[in-house]
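Note on naming: letters A, B, ... go to the chains in the order of the sequence lines (proteins, then strands), and numbering restarts at 1 for each one.
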Amino acid sequence: MPKKPENDALVTEITPRSQDFSRWYLDVVRRAELADYSPVKGCMVIRPYGYAIWELIQQAFDRRFKATGHVNAYFPLFIPEGLLQKEADHVEGFSPQVAYVTHAGGEALEEKLVVRPTSEAIIGTMYAKWVQSWRDLPILINQWANVVRWEKVTRPFLRTTEFLWQEGHTAHETEAEAEEETLKMLGVYQEVVESELAMPVLTGRKTDSERFAGALRTYSIEALMGDGRALQAGTSHNLGQNFAKAFEIKFQARDKSLQYVWGTSWGVSTRLVGGLIMTHGDDSGLILPPRVAPYQVVIVPIPRGNWQETVLPKAQAIRDELTAKGIRVMLDDRDSQTPGWKYAEWEMRGVPLRLEIGPRDVENGQVVLVRRDTREKTPTPMAELATRVPALLDDLQRALFERAVQFRQEHTTRVDSWDEFKAVMEGRPGFVIAPWCGSAACEAEVKAETQATIRNLPLGEQRSGGACIKCGKAAVAEAYFAKAY
RNA sequence: CGGGAUGUAGCGCAGCCUGGUAGCGCACCUGACUGGGGGUCAGGGGGUCGCAGGUUCGAAUCCUGUCAUCCCGACCA
C-alpha cells in the first residue's frame, strides 16, 4: 500500500508561497519544467511545457491581431548601429541595454551591428521605402520575434536578457488614426489577457518618466501578482511623428502636401508566462487557466488487477472522445508511477482538471473529476463527459478570473494623504490610488521613499479635485501606484 | 553596477575551519510484491567537488582570478 503523506503539503519540493514568494516562483518554474537556466547569463531555455503555454498565448493574440486587420512579417535581428542612433530619445533610452556584434566573418566590422532591443529603427527604415502616398497607408504589420536587452538583474520569464515577444508597428495618415490604433491594441491586450489568461488588468497611460523611449504617449496594462506587486503585462505606444521624422517616412497627402506618417508600436512578451504563474499559482504549484493549459484534462487510470484490459481501454476511449471535442487531453498511463504520485505531479504542473478512472468506476459507468483550483471531486457518469468536461473547464476559467479580480479588489486602496500612502505601502501591498500633481519630481520622491512607482493613470472619468499626496498642490490625475516587477 | 550569499551525482544537502583522493536523502536502473493522494523489500549504476591558475609530496578543503545563480538596492518589458 502506498504510504499516506504525513502533512498536508502534497508537493514538498516547492517552497510554500507564503514563506518566500520569490523562491516559490523559481521552484515552480523549475519543477514544472517551464524553463531552465542556460550557460549564458540571464538567458533561459524555455522547455516544451513552458513553450506550449507560450504557443497558446501566441495563438490567442495572433487571432485578434489578424481579426483587427494586421498581418505578420519578419525583420532582421541585426540593426546597423547608425540606424538606432537616428532617434535621439530612442538611443538614449536603449543604449545602456544594447548588445553589439563587432566581429564577424573573421574580421572586425566596419560598422557595429546592434542586436535588436526592439525594432522601431529597422522597421522605420523599411517603411520609409514602402510609403510614398496616402494610398499606401495604413501599414499594419506585426512580428513575432526575439529581442535582446542587457539587463542587470534577470529572472526567468519576468526579465531575461533575450526574450520572445510580439511587436506591432503601424503607420497612419493622421494623428487621430494613430491614437485610435494605439488604444485599440491596448484594448486587444486587455481582452486577451483577461479572457484567455484570466488575469485582470488595469489599462492606463504611463507617466512621462515611464514612457517608451521615443514615444509621444505610452499606455499599459498592469496586473497584480500574488505577492501584491504589479507587473506591466503589455504596452502600446503612440509614436507620433518622432520615428517618421528620424527615418524620413514621408508620403504625399490628399492635399498634395508632403507629410510624415503617424506611428504606433505595441508589444507583449514571454513575461506573460511569469504573470500567469504569479497570478494563479498556489503552494502545490502552477494553476493554469484552461484556455492556455497545454493539457486541460489529465486522465489517471487506477492500476488494479488486470487494469490494462478493463480500465485502460475505457480511459483511451474517453481520451479520444474528449480530444474529438477539441479538448487537450493527456492520458498518463505510465505503469512506473503510482496514482498518488501522478495526482501531485499534475497538480504541480497546473493541469486544470483531473479525471480518475479505476475498476470501481468502470463497474459504475462513471469517473471522478477533480478541479485543480478547489480540489473538489465530482463523480460523473461517463455518458455525460462530453458535456460536463467543457462546462467544468469554462467554469474553472471563470473562477480563476473572478478570484484574481477579488484579490485585486482586496489589494487596492484609495488614499488621500502621504501618511496613509506610506502606511499602506509598508503593510498590505497592492495598488494604491492617490491624487498626483503631475510632476516628475513628486513621482521620483515617492519612489525613493517607498519603492512604489506610478503604474499608470487610468483612462476615462476621474474623481475631481484632491491634492497631490506628496506636495499638496492641486492634483491633475489619480494615479495607480504600486511596487512593480 | 554597488552590498550580501551560494556553486560538491538529475534535485536538496553534509564534508571545507584542523589538506591525505567524496558521502547522505530523494530521483534513476534490475527484480518481486503493489497500486483510489508522492508505495515496500532486495540488489545496483552514476560525481572527482562551477571554471582557470597558484601553494603543497598531496587540494572539494588553503590562496588568486573568473563565470553563473539567489537575495537587497540603483536600471529596465
Side-chain angles (χ1 to χ4, degrees), chain A residues 1-15 20-23 25-27 30-31 33 36-44 93-98 117-118 147-167 189 206 209-210 212-213 218 220-223 230-237 265-275 284-285 300-307 311 334-348 354 356-362 367-368 370 375 377 379 444 447-448 451 453 484-485:
Chain A
M1 293 288 283
K3 191 175 60 182
K4 293 252 162 72
E6 286 169 12
N7 53 29
D8 293 339
L10 296 176
V11 180
T12 51
E13 291 93 339
I14 294 177
T15 306
D20 183 341
F21 194 86
S22 183
R23 271 293 285 275
Y25 174 80
L26 293 167
D27 285 349
R30 204 188 61 249
R31 287 282 294 116
E33 297 182 357
D36 203 353
Y37 296 105
S38 78
V40 184
K41 177 180 163 56
C43 293
M44 65 171 177
F94 279 106
S95 56
Q97 296 181 272
V98 160
T118 177
V147 288
V148 168
R149 297 181 187 178
W150 222 259
E151 301 285 355
K152 310 265 165 89
V153 176
T154 58
R155 315 187 74 194
F157 291 111
L158 299 176
R159 180 172 294 106
T160 47
T161 301
E162 178 188 6
F163 58 94
L164 304 184
W165 77 346
Q166 147 285 307
E167 47 181 327
Y189 283 169
K206 285 291 194 182
S209 60
E210 300 259 330
F212 175 72
T218 287
S220 72
I221 53 171
E222 304 281 336
L231 183 77
Q232 180 171 302
T235 48
S236 185
H237 317 292
S265 69
W266 26 275
V268 296
S269 72
T270 35
R271 167 178 266 197
L272 284 172
V273 178
S284 298
V300 179
I302 308 302
R304 277 199 159 178
N306 58 339
W307 69 283
V311 175
R334 287 176 290 181
D335 200 18
S336 54
Q337 308 292 356
T338 62
W341 188 91
K342 291 176 183 178
Y343 296 168
E345 178 71 8
W346 291 110
E347 278 177 9
M348 189 268 297
R354 178 172 75 240
E356 304 172 6
I357 177 167
R360 291 206 298 268
D361 299 307
V362 172
V367 302
V368 177
V370 188
R375 291 206 170 80
K377 296 194 175 194
K447 184 177 181 182
Q451 293 185 316
T453 51
Y485 273 97

- line: Winner on side-chain proximity to A/Arg155, out of B/rU69, B/rC71, B/rG35, is B/rC71
query: If pairing requires Watson-Crick or G-U wobble contacts with both distances under 3.5 Å, which nucleotide is the partner of B/rA77?
result: none
- request: Could you tell me the separation between the CZ atom of A/Phe21 and the C1' atom of B/rC70, rounded to a whole number of Å?
  value: 16 Å
- request: Can you sort out the partners of A/Arg354 under salt bridge (Lys or Arg N to Asp or Glu O under 4.0 Å), two or more places apart, ordered by chain and number?
  value: A/Glu347, A/Glu356
message: For A/Pro156 and A/Gly358, find the nucleotide of RNA chain B closest to each by heavy atoms; which residue's nucleotide sits nearer the 5' end?
response: A/Gly358
query: To the nearest angstrom, how far is A/Leu26 atom CG from B/rA68 atom P?
result: 17 Å
- prompt: Is it true that atom CZ of A/Arg23 has more than 12 heavy atoms of other residues, nucleotides or ligands lying nearer than 6.0 Å?
  reply: no
query: Quick one: ring pair (Phe, Tyr, Trp, His ring centres under 6.0 Å) partners of A/Phe94, sequence neighbours excluded?
result: A/His90, A/Phe212
statement: From CG of A/Asn306 across to P of B/rG35 the rounded distance in Å is 14 Å
- request: Could you please name the partner base of B/rG2, counting Watson-Crick and G-U wobble pairs only when both distances are under 3.5 Å?
  value: B/rC72
field: Whole-angstrom distance between B/rA42 and B/rC49, as gauged at atom P
entry: 33 Å
field: Residues forming a side-chain contact (heavy atoms from CB on, under 4.5 Å) with A/Asp361, sequence neighbours excluded
entry: A/Ile357, A/Gln366, A/Val368
statement: Once base and sugar-phosphate atoms are separated, protein heavy atoms under 4.0 Å mark nucleotides 25-31 of chain B, 5' to 3', with B, S and - as ---S---
message: Checking A/Trp341 now: which residues fulfil side-chain contact (heavy atoms from CB on, under 4.5 Å) with it, not counting sequence neighbours?
response: A/Arg334, A/Gln337, A/Thr338, A/Glu345
task: Let me know the distance between CE of A/Met44 and P of B/rA68, rounded to the nearest Å.
output: 17 Å
message: Does A/Gly274 reach a base, just sugar-phosphate, or nothing at all? Heavy atoms under 4.0 Å.
response: nothing
query: Donor-acceptor pair under 3.5 Å: do we get one between A/Arg360's side chain and the base of B/rG36?
result: yes
B/rG44 to B/rA27 separation - C1' atoms, rounded to the nearest Å: 14 Å
- request: Go through the structure and list residues passing side-chain contact (heavy atoms from CB on, under 4.5 Å) with A/Pro359, not counting sequence neighbours.
  value: A/Ile302, A/Arg304, A/Val311
query: In Å and rounded to the nearest 0.5 Å, what is the OH to CG distance from A/Tyr485 to A/Leu158?
result: 6.5 Å
statement: Sorted by chain and residue number, the salt bridge (Lys or Arg N to Asp or Glu O under 4.0 Å) partners of A/Glu162 (sequence neighbours excluded) come out as none
query: Which is true for A/Val368 with a 4.0 Å heavy-atom rule: it touches a base, it touches only sugar-phosphate, or it touches nothing?
result: base
query: Counting only Watson-Crick or G-U wobble pairs whose two distances fall under 3.5 Å, which nucleotide matches B/rC51?
result: B/rG65
Between the protein and nucleotides 7-10 of chain B, are there any N/O to N/O pairs under 3.5 Å, and if so, what are the atom names and distances?
none

message: If I take atom CH2 in residue A/Trp307 and atom P in nucleotide B/rU34, what distance separates them, rounded to the nearest angstrom?
response: 16 Å
Watson-Crick or G-U wobble mate for B/rG23, both contacts under 3.5 Å: B/rC13
task: Indicate for each nucleotide in nucleotides 72-77 of chain B, in 5' to 3' sequence, whether protein heavy atoms under 4.0 Å reach the base (B), only the sugar-phosphate (S), or nothing (-).
output: -BBSBB
Of A/Lys41 and A/Val362, the one whose closest RNA chain B nucleotide lies more 5': A/Val362
query: Can you name the side-chain contact (heavy atoms from CB on, under 4.5 Å) partners of A/Ser269, sequence neighbours left out?
result: A/Phe163, A/Trp165, A/Arg271
task: For A/Thr160 and A/Arg155, test the side chains for any donor-to-acceptor distance below 3.5 angstrom and give the result as yes or no.
output: no
message: Which residues pass the ring pair (Phe, Tyr, Trp, His ring centres under 6.0 Å) test with A/Trp346, not counting sequence neighbours?
response: A/Tyr295
Residues in salt bridge (Lys or Arg N to Asp or Glu O under 4.0 Å) contact with A/Lys206, at least two apart in sequence or another chain: A/Glu210, A/Glu222
message: Under 3.5 Å for both donor-acceptor distances, Watson-Crick or wobble: does B/rC33 have a partner, and if so which one?
response: B/rG39
